[in-house]
Amino acid sequence: DGVGGTPLDILQNAVDQLTKLSIYIFPIAEGSLARYELLNSGYQITKAIQTMDTLISNHISELSISINTLSATLASSNDTANDNNSSTPNVTLEEEYVQCALEMLKMAGSFTRALRSFETLTRDRLKNLCTGMRAGLTQMEGGNTPDSLSIVEVRGLLSRYVCNNHQEEEVTTTNKTTTPSQSSKRKGGNVKLSQFVQLQRYAGDTTNNRSLGNSGGSIVPSTSSPIQLFTKSIDVMSKLASTCQTFVFDVCYAIPRNCFASMSSLSIWREEEPSGLLSAFDSMVHSNANATNYSTLPQQYITQVGEHILALVQALEPFASNEHALELANEVMDGVGDVAIPFWKEFVTSTGSIVENDENGVIASLMDGKDLKHVVTHHDFHEEEEEEEEEEDDDHEEIDESERKSAAFCNQWLDVIGSAVTGRLLERILRIPRLSKKGGGKLLADLNYLVNVFSALGITGHPHPLLNHFGSLMNMDGNDIREKIEEDYDGDGVGDEGGAEVGKVVRAAEGRIATMKMMALR
């Protein structure tokens with residue numbers, strides 16, 4: 001609504017407005033349901049449900065569009081700020097951004113619960129309509145003329161007369177053999193019963209209907225499963241959840257995204273040591289892998305990423321410590337790890353590999369890292385992870401349930417951000433045109449720094465084994481890497497087609513690094 005100010009002000013105002021407007025659709029939908037009860041009394045239920053479903057699903061789609069627009073606005077503001085000022089936002093500002101973005105998950109979770117409650121309310125009211133329609137049909141069976149009619153009965157008679165001529169409902173029935181005269185005589189009864197049975201299935205009413213079969217109307221057994229009410233809304237709701245997850249991710253990943261943007265084109269990667277100026281001691285240091293780790297400092301781009309990841313722990317904790325907010329957010333956390341998939345797809349592309357359809361789950365296997373123990377240098381990472389998981393299980397026994405849920409939520413987001421950072425860094429490395437010996441030493445220090453950051457976090461699955469593996473390749477020249485690939489390229493011993501595909505991707509990455517190093521010698 002034309003609110004200016006900083007990007008944070010825009011974000012806070014937008015979140016407040018979306019939260020207020022998100023669930024206003026349900027009073028409108030309840031009004032539609034009430035009008036249906038009053039005017040139709042259970043007839044033409046399919047059209048009524050479809051109308052309410054369209055109403056709600058369109059509203060959900062508008063919410064998704066609004067969030068995507070907000071995300072694009074924030075990204076544009078962030079890019080403009082980076083053009084004007086290259087400094088990194090302070091930690092306090094990051095915390096406010098993250099906590100405000102997490103409110104989107106809370107909003108989506110609240111909407112999910114409201115949709116579920118409305119579906120329950122709708123079924124209960126449809127069951128009441130079933131009771132009224134069943135009573136009317138039973139009265140028709142008896143053929144008795146009542147002395148008086150209640151308002152509800154009059155309404156039912158009017159609805160039956162107006163709506164019964166439109167048999168749009170399609171149900172599965174058990175056909176009975178009838179003569180032409182019987183078919184003509186019972187046509188009206190069949191219409192009434194078919195609409196009643198459809199209403200009963202939407203309502204989930206399992207009352208036995210055998211007593212209504214005498215009029216010739218074929219009926220669905222009472223054991224038939226209920227029909228899903230708001231299918232479109234539920235489908236679109238999953239997309240809204242994914243949109244909110246992506247929005248939170250974009251806010252949490254903004255600084256790494258900027259830091260990695262120009263990383264591949266840094267001049268340091270192709271710089272060479274000045275010839276004739278190295279002392280014998282310096283030469284010994286640069287030829288020793290362990291010494292290189294300590295003699296070379298990590299570069300600014302990777303330290304900014306590492307500091308940001310560590311700061312995210314404090315940024316996530318206030319929201320995660322609110323039990324009510326956490327319960328709502330967890331309603332829409334399924335599949336949150338999928339937001340990191342594009343980064344690993346780009347990594348696979350950077351190796352020159354082609355993974356179409358990914359029927360064997362190559363991307364998922366790469367992200368998980370468990371199928372890599374036969375194709376990377378470090379073979380003992382699984383044992384270390386198992387020990388860490390055992391220690392975590394022991395720790396969980398000592399903390400209460402709320403603290404466990406809070407820690408699980410934080411770890412879930414740190415895992416997603418960590419996976420995206422890892423995938424992007426690996427992809428950026430393979431985009432480096434040439435890698436000199438000095439550049440390789442710098443890159444090794446950067447990789448070791450990130451490994452230490454992930455180790456300090458203690459998140460299961462991090463640091464990813466490929467980080468250590470890429471680090472080990474930095475100590476080898478191009479020819480040595482080529483020889484290693486030829487020695488190891490034996491199907492990689494993973495045991496299934498998906499694992500073999502993972503091995504091929506890793507070998508292709510090794511080949512790319514060898515080419516980068518050999519190009520630097522030309």
Problem set entry | Cationic N near anionic O, under 4.0 Å, Glu327 to Lys405 | no
For this session: Hey, could you give me the OG1/NZ distance between Thr351 and Lys504, rounded to the nearest 0.5 Å?
Result: 12.5 Å
For this session: Determine whether Asp124 and Asn128 make a side-chain contact, defined as any pair of heavy atoms from C-beta on separated by less than 4.5 Å.
Result: no
Exercise. Are the side chains of Leu372 and Leu466 in touch, meaning some heavy atoms are under 4.5 Å apart?
Worked result: yes
Seminar exercise, completed: dist Cys244:SG -> Met333:CE (nearest 0.5 Å) comes out at 11.5 Å
Problem set entry | Any side-chain heavy-atom pair of Lys106 and Phe319 under 4.5 Å | yes
Seminar exercise, completed: Heavy-atom closest pair (Gly337 atom, Met367 atom, distance to 0.1 Å) is O-CE, 3.9 Å
For this session: Identify the heavy atoms of Ala203 and Cys130 that sit nearest to each other, and give their distance.
Result: CB-SG, 4.0 Å
For this session: Verify side-chain hydrogen bond (donor to acceptor under 3.5 Å, both in side chains) between Ser32 and Arg35, making sure each step is shown before the conclusion.
Result: CA-CA 5 Å; Ser32 299; Arg35 287 190 293 274; 3.3 Å; yes
For this session: Mind telling me whether Phe347 and Trp344 have parallel, tilted or perpendicular rings, with 30° and 60° as the class edges?
Result: perpendicular
Exercise. Does the pair Glu103 and Gln12 meet the rule for a side-chain hydrogen bond (donor to acceptor under 3.5 Å, both in side chains), with working shown?
Worked result: CA-CA 9 Å; Glu103 291 295 320; Gln12 290 175 332; over 6 Å; no
Exercise. Can you find a pair of side-chain heavy atoms, one from Val305 and one from Ile255, that are under 4.5 Å apart?
Worked result: no
Exercise. Taking the side chain from Ser57 and the backbone from Thr54, do they hold a donor-acceptor pair closer than 3.5 Å?
Worked result: yes
Exercise. Do any N or O atoms from the side chain of Ser406 and from the backbone of Ser402 form a donor-acceptor pair under 3.5 angstrom?
Worked result: no
Problem set entry | Polar side-chain atom of Ser233 near backbone of Asp53 as donor-acceptor pair, under 3.5 Å | yes
Problem set entry | Closest approach of Leu55 to Ile28 (non-hydrogen atoms, all atoms of both residues) | CD2-CG2, 3.9 Å
Exercise. Could you go step by step and tell me if Leu312 and Cys252 meet the side-chain contact (heavy atoms from CB on, under 4.5 Å) rule?
Worked result: CA-CA 8 Å; Leu312 277 177; Cys252 294; 4.1 Å; yes
Exercise. Run the ring-ring contact (aromatic ring centres under 6.0 Å, His included) check on Tyr253 and Phe343 step by step: do they pass?
Worked result: CA-CA 12 Å; Tyr253 184 74; Phe343 299 91; 5.0 Å; yes
For this session: Look up atom CG in Leu450 and atom NE2 in His464, then write down how far apart they are to the nearest 0.5 Å.
Result: 12.0 Å
Exercise. Are any non-hydrogen side-chain atoms of Ile459 and Phe454 less than 4.5 angstrom apart?
Worked result: no
Exercise. At what distance, to the nearest 0.5 angstrom, does CG of Asp16 lie from SG of Cys100?
Worked result: 7.0 Å
Problem set entry | Donor-acceptor pair, side chain of Thr51 and main chain of Lys47, under 3.5 angstrom | yes
Exercise. Any side-chain heavy-atom pair from Thr19 and Val15 closer than 4.5 angstrom?
Worked result: yes
Exercise. Is the count of non-hydrogen atoms from other residues, nucleotides or ligands lying under 6.0 Å from Ile23 atom CD1 greater than 12?
Worked result: no
For this session: Report yes or no: does Arg123 contribute a side-chain atom to a donor-acceptor pair with the main-chain N or O of Tyr202 at less than 3.5 Å?
Result: yes
Exercise. Are any side-chain N or O atoms of Gln195 and backbone N or O atoms of Gln44, one a donor and one an acceptor, separated by less than 3.5 Å?
Worked result: yes
For this session: Could you tell me which non-hydrogen atom of Ile67 sits nearest to which non-hydrogen atom of Met107, and how far apart they are?
Result: CD1-CE, 3.9 Å
Exercise. Taking side chain as C-beta onward, heavy atoms only, is Ile234 less than 4.5 Å from Ser238?
Worked result: no
Exercise. Is any NZ, NE, NH1 or NH2 atom of the basic residue among Arg116 and Glu119 found under 4.0 Å from an Asp or Glu carboxylate oxygen of the other?
Worked result: no
Exercise. Mind checking whether Val98 and Trp413 have side chains closer than 4.5 Å, heavy atoms only?
Worked result: no
Exercise. Under 3.5 Å, side chain of Tyr36 to main-chain N/O of Gly42, donor-acceptor pair present?
Worked result: yes
For this session: Under the side-chain contact (heavy atoms from CB on, under 4.5 Å) rule, what do Thr122 and Leu126 come out as? Steps first, then yes or no, please.
Result: CA-CA 6 Å; Thr122 302; Leu126 293 184; 4.1 Å; yes
Exercise. Taking the side chain from Glu331 and the backbone from Ala108, do they hold a donor-acceptor pair closer than 3.5 Å?
Worked result: no
Exercise. Checking Asn322 side chain against Pro318 main chain: does a donor-acceptor pair fall under 3.5 Å?
Worked result: no
For this session: Check step by step if side-chain contact (heavy atoms from CB on, under 4.5 Å) holds for Val332 and Leu240.
Result: CA-CA 9 Å; Val332 291; Leu240 174 64; over 6 Å; no
Exercise. What closest approach, in Å, do Val336 and Val416 show between heavy atoms, and which atom pair accounts for it?
Worked result: O-CG2, 3.9 Å
Seminar exercise, completed: Exactly one candidate in Leu316, Leu326, Val251 meets side chain to side chain contact (heavy atoms under 4.5 Å, CB included) with Leu102; the answer is Leu316
Exercise. Aromatic rings Tyr24 and His59: how do their planes relate, parallel, tilted or perpendicular, breaks at 30° and 60°?
Worked result: perpendicular
For this session: Using modelled atom types only, decide if a donor and an acceptor are shared between the side chain of Gln245 and the backbone of Asp338 within a distance under 3.5 Å.
Result: no
For this session: Indicate the atoms forming the closest heavy-atom contact of Ile45 with Gln198, along with that distance.
Result: CG2-CG, 3.8 Å
Exercise. Could you walk me through whether Glu37 and Leu129 pass the side-chain contact (heavy atoms from CB on, under 4.5 Å) check?
Worked result: CA-CA 7 Å; Glu37 290 177 286; Leu129 291 176; 4.0 Å; yes
